[in-house]
K.L.:
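Take this structure first; my questions come after.
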Amino acid sequence: MNYLVPLPVALPLAVCGWSLVLGPRQTRLHRVLSVVMLAAVVAVDVILLIEADRHGPLVVHLGDYAPPLGVTLVADRLAGLMLLVSGLVTLIVLLYAFGQDTAEGGQTAPFSFFHPAYQILVAGVSLCFLAGDLVNLYVGFEIMLMASFVLLTVGGTQPRLRAGSTYVIVSLVSSIVFLAGIAATYAAVGTVNFAQLAVRLPDVPLGVRTFSQVLLLTVFGVKAAAFPVAAWLPDSYPTAPAPVTAVFAGLLTKVGVYSIIRAETLYFPGNRLFAVLMAVACASMVIGILGAVAQTDLKRLLSFCLVSHIGFMLFGVALGTRAGIGGAIVYTAHHITVQTTLFLAAGMLERRYGTTELTRLGGTARTAPWLAALWFVPAMNLAGIPPLSGFIGKLGVMRAGAAYGGEWAYLLLAAAAVTSLLTLYAMAKVWNLAFWRAAPTGRPASGPAGGAGSGEGAGSRGAGSAGAGGAGAGGVGTATAAPPRAPARIPGLMIGATTAIVALALAYTVLATPLTGLADRSAAELLDGSPYIEAVLAK
């Protein structure tokens, strides 16, 4: 099955090429190609995960060149799980995008840009998960950067261009640091292959190892949006179209978390930076959630929640134990899905009412009970209400912290408890303002029958312009926005896609035992390291 390993990267790139050849007029064919491609990627991801779980890591040296010269792709349990979750999420988000202008050549997102950029983004994410060396991990990050800039700025509105420019500047600076980390690591050991790094780095002087580790963790921390290098995220993501924001918030930051897990378990084992990682996890949780509860714009509130909950994953990684890393893996898979769902639900709110400013919303539970349900379930999941998967992931990390003991672990346990309570408060605040209370005076009770043309066109313009009560300049809702408009109809495909991803998140609860078992086996394999090293070097 090793020959399947490159397919999650190769298939999206191949379809991207065909999309450019076909041009923007073949809308139906573009849709079919994209959906078939992502469905095929999901099928390959399932096979890779099953085979890696049964038989160990799957390895391919492209061109049959052995390390350190060749390009090595590796699919172990962790990579297989992340590939499968990301594949399912990107497929559902694409279907959601079909229900609005983003993928149909509307005023806010030219069709000719969206499909190729989205496919390149999928390929970049897959390459990051499969990369077996630092250079190809860097290439994966840069592929994501190129696609992300296009997707963030589709429509060309001033807030999107400003936010996209911030994102690109931060990403380019982090890329320079990444190159410095790669150079320092290569100078020390003569290779960038993960397996060879795991063998050679223990013989390198401690100061040199620590220097390389700090450089790489800084880069991965920027990608993961961990405090104190997360200030760019709340101003960058909320201005993009709903499906773009959803896939970015749910998936791209987890590439950084995945890279941190890989670094701390494979080529920098030993937890020398235990206190630093604990401090970063604690600050991310507390400062992120305090930022969230202060927001009145829903997208910015969710962006700060994203920063906060990265801390739970870093908590598990910092512990460095099998239980801690297993809990972090479960919570990562959960958070990819739930955070994406919440942004999709926020996009439907914006489409229906033209804003995500909580002070201008209200009465949704009465006028759109189905939308209220699609928000409520993932919101409670994010808050960690039993028996949902958010509770399972948090419980795993917190139990690992209690078993580890020590001042730092108990401090993080307290921070995790406070963060969970404040997350619940933030979700209750959204529910009360946007769904439960009476609709604001002046908003019509019913809207036009509407179709594709009366939905996201208005909603996205609300997000992209400072006068629609959406993100506005820098993502802050405006008090001088236009008066509330009549609710618009939401296409069934958007509702169906959001329902599907809610069901996927609930499936994690139903399948909690096999999911936690897989995460535990992944953690054991990561901490052992020998299965990965032997599979790569013996290939």
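Owing to the predicted nature of the structure, the values given are computational and were not obtained by experimental measurement.
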K.L.:
Verify the distance criterion only: is there a donor paired with an acceptor across the side chains of Tyr508 and Thr337 at less than 3.5 Å?
P.N.:
yes
K.L.:
Is the closest side-chain heavy-atom distance between Leu413 and Tyr410 below 4.5 Å?
P.N.:
yes
K.L.:
Taking Phe114's backbone N and O only, do any of them form a donor-acceptor pair with Gln119's side chain (distance below 3.5 Å, no angle check)?
P.N.:
no
K.L.:
Should Leu306 and His335 count as side-chain neighbours, where that means a heavy-atom distance under 4.5 Å?
P.N.:
yes
K.L.:
Just checking, is any N or O donor in the side chain of His309 or Thr423 under 3.5 Å from an acceptor N or O on the other one?
P.N.:
yes
K.L.:
Write down the atom of Thr340, the atom of Gly250, and the distance for their closest heavy-atom approach.
P.N.:
OG1-CA, 3.3 Å
K.L.:
Write down the atom of Ala328, the atom of Gly316, and the distance for their closest heavy-atom approach.
P.N.:
CB-CA, 4.2 Å
K.L.:
Working to the nearest 0.5 angstrom, can you tell me the gap between Leu371 CG and Ile495 CD1?
P.N.:
8.0 Å
K.L.:
How about Tyr138 and Ile143: do any of their side-chain heavy atoms sit closer than 4.5 Å?
P.N.:
no
K.L.:
First locate atom SG of Cys128, then atom CG of Leu137, and finally report the distance between them rounded to the nearest 0.5 Å.
P.N.:
5.5 Å
K.L.:
With a 4.5 Å limit on heavy-atom distance, are the side chains of Val247 and Phe343 in contact?
P.N.:
no
K.L.:
Counting N and O atoms only, with roles assigned by atom type, does the side chain of Trp436 sit under 3.5 Å from a partner on the main chain of Leu433, one being a donor and the other an acceptor?
P.N.:
no
K.L.:
Of the non-hydrogen atoms in Gly99 and Pro491, which two are nearest, and what is the gap between them?
P.N.:
O-CG, 3.0 Å
K.L.:
Would you sort out whether Thr364 and Tyr353 count as a side-chain contact (heavy atoms from CB on, under 4.5 Å), showing the intermediate values?
P.N.:
CA-CA 9 Å; Thr364 306; Tyr353 300 110; 3.6 Å; yes
K.L.:
To the nearest 0.5 angstrom, please state how far the NZ atom of Lys254 sits from the OG atom of Ser259.
P.N.:
13.0 Å
K.L.:
Sub-3.5 Å donor-acceptor pair from the side chain of Arg437 to the main-chain atoms of Leu361, do we have one?
P.N.:
yes
K.L.:
For the pair Phe178 and Phe220, name the ring-plane relationship: parallel under 30°, tilted 30 to 60°, perpendicular over 60°.
P.N.:
perpendicular
K.L.:
Is Tyr118 reaching over with its side chain to a backbone N or O of Thr90, donor-acceptor style, under 3.5 angstrom?
P.N.:
yes
K.L.:
Please round to the nearest 0.5 Å and tell me the distance separating atom OG1 of Thr499 and atom CG of Leu504.
P.N.:
12.5 Å
K.L.:
Quick one: pull up CD1 in Ile501 and CG in Leu88 and give me the separation to the nearest 0.5 Å.
P.N.:
9.0 Å
K.L.:
Angle between ring planes, Tyr331 versus Phe312, binned at 30° and 60°: parallel, tilted or perpendicular?
P.N.:
tilted
K.L.:
Do you see a donor-acceptor pair shorter than 3.5 Å between the side chains of Thr359 and Glu357?
P.N.:
yes
K.L.:
Show the numbers, then the answer: is there a side-chain contact (heavy atoms from CB on, under 4.5 Å) between Met278 and Leu314?
P.N.:
CA-CA 7 Å; Met278 283 288 192; Leu314 295 181; over 6 Å; no
K.L.:
Does Thr516 reach the main-chain N or O of Ala512 with its side chain, forming a donor-acceptor pair under 3.5 Å?
P.N.:
yes
K.L.:
Do Lys299 and Glu350 have side chains that get closer than 4.5 Å, going by heavy atoms?
P.N.:
yes
K.L.:
Report the C-alpha separation of Leu493 and Tyr96 in whole Å, then their side-chain angles, then the decisive distance to 0.1 Å, and conclude whether the side-chain contact (heavy atoms from CB on, under 4.5 Å) test is met.
P.N.:
CA-CA 6 Å; Leu493 194 54; Tyr96 179 100; over 6 Å; no
K.L.:
Mind checking whether Arg300 and Asp235 have side chains closer than 4.5 Å, heavy atoms only?
P.N.:
yes
K.L.:
Is the Tyr404-Phe274 ring centre distance short of 6.0 angstrom?
P.N.:
yes
K.L.:
Answer yes if the ring centres of Phe98 and His115 are under 6.0 angstrom apart, and no otherwise.
P.N.:
yes
K.L.:
Please check if any side-chain donor atom of Ser389 sits under 3.5 Å from a side-chain acceptor atom of Asn381, or the reverse.
P.N.:
yes
K.L.:
Could you give me the CA-CA distance, side-chain angles and deciding distance for Trp370 and Ile490, then say whether side-chain contact (heavy atoms from CB on, under 4.5 Å) is met?
P.N.:
CA-CA 11 Å; Trp370 47 269; Ile490 299 178; 3.4 Å; yes
K.L.:
For Ser303 and Pro234, which heavy atoms make the closest approach, and how far apart are they?
P.N.:
CB-CA, 3.8 Å
K.L.:
So, for Val150 and Ala117, which heavy atoms are closest and what is the spacing to 0.1 Å?
P.N.:
CG1-CB, 3.8 Å
K.L.:
Are Leu145 and Phe141 side-chain neighbours, meaning at least one heavy-atom pair lies under 4.5 Å?
P.N.:
no
K.L.:
Return the OG1 to CG distance between Thr332 and Leu81, rounded to the nearest 0.5 Å.
P.N.:
9.0 Å
K.L.:
Closer than 3.5 angstrom, by distance alone: can the side chain of Lys394 be matched with the main-chain N or O of Ala417 as a donor-acceptor pair?
P.N.:
no
K.L.:
Any idea which heavy atoms bring Cys282 and Leu412 closest together, and the distance?
P.N.:
N-CD1, 3.7 Å
K.L.:
Report yes if some heavy atom in the side chain of Val430 is under 4.5 Å from a heavy atom in the side chain of Trp375; otherwise report no.
P.N.:
yes
K.L.:
Please check if the distance between the ring centroids of Phe149 and Tyr167 is under 6.0 Å.
P.N.:
no
K.L.:
Does Ser284 use its side chain to pair, donor to acceptor, with the backbone of Phe227 at less than 3.5 Å?
P.N.:
yes
K.L.:
Given 3.5 Å as the limit, does a donor-acceptor pair link the side chain of Thr253 with the main chain of Ala224, or not?
P.N.:
no
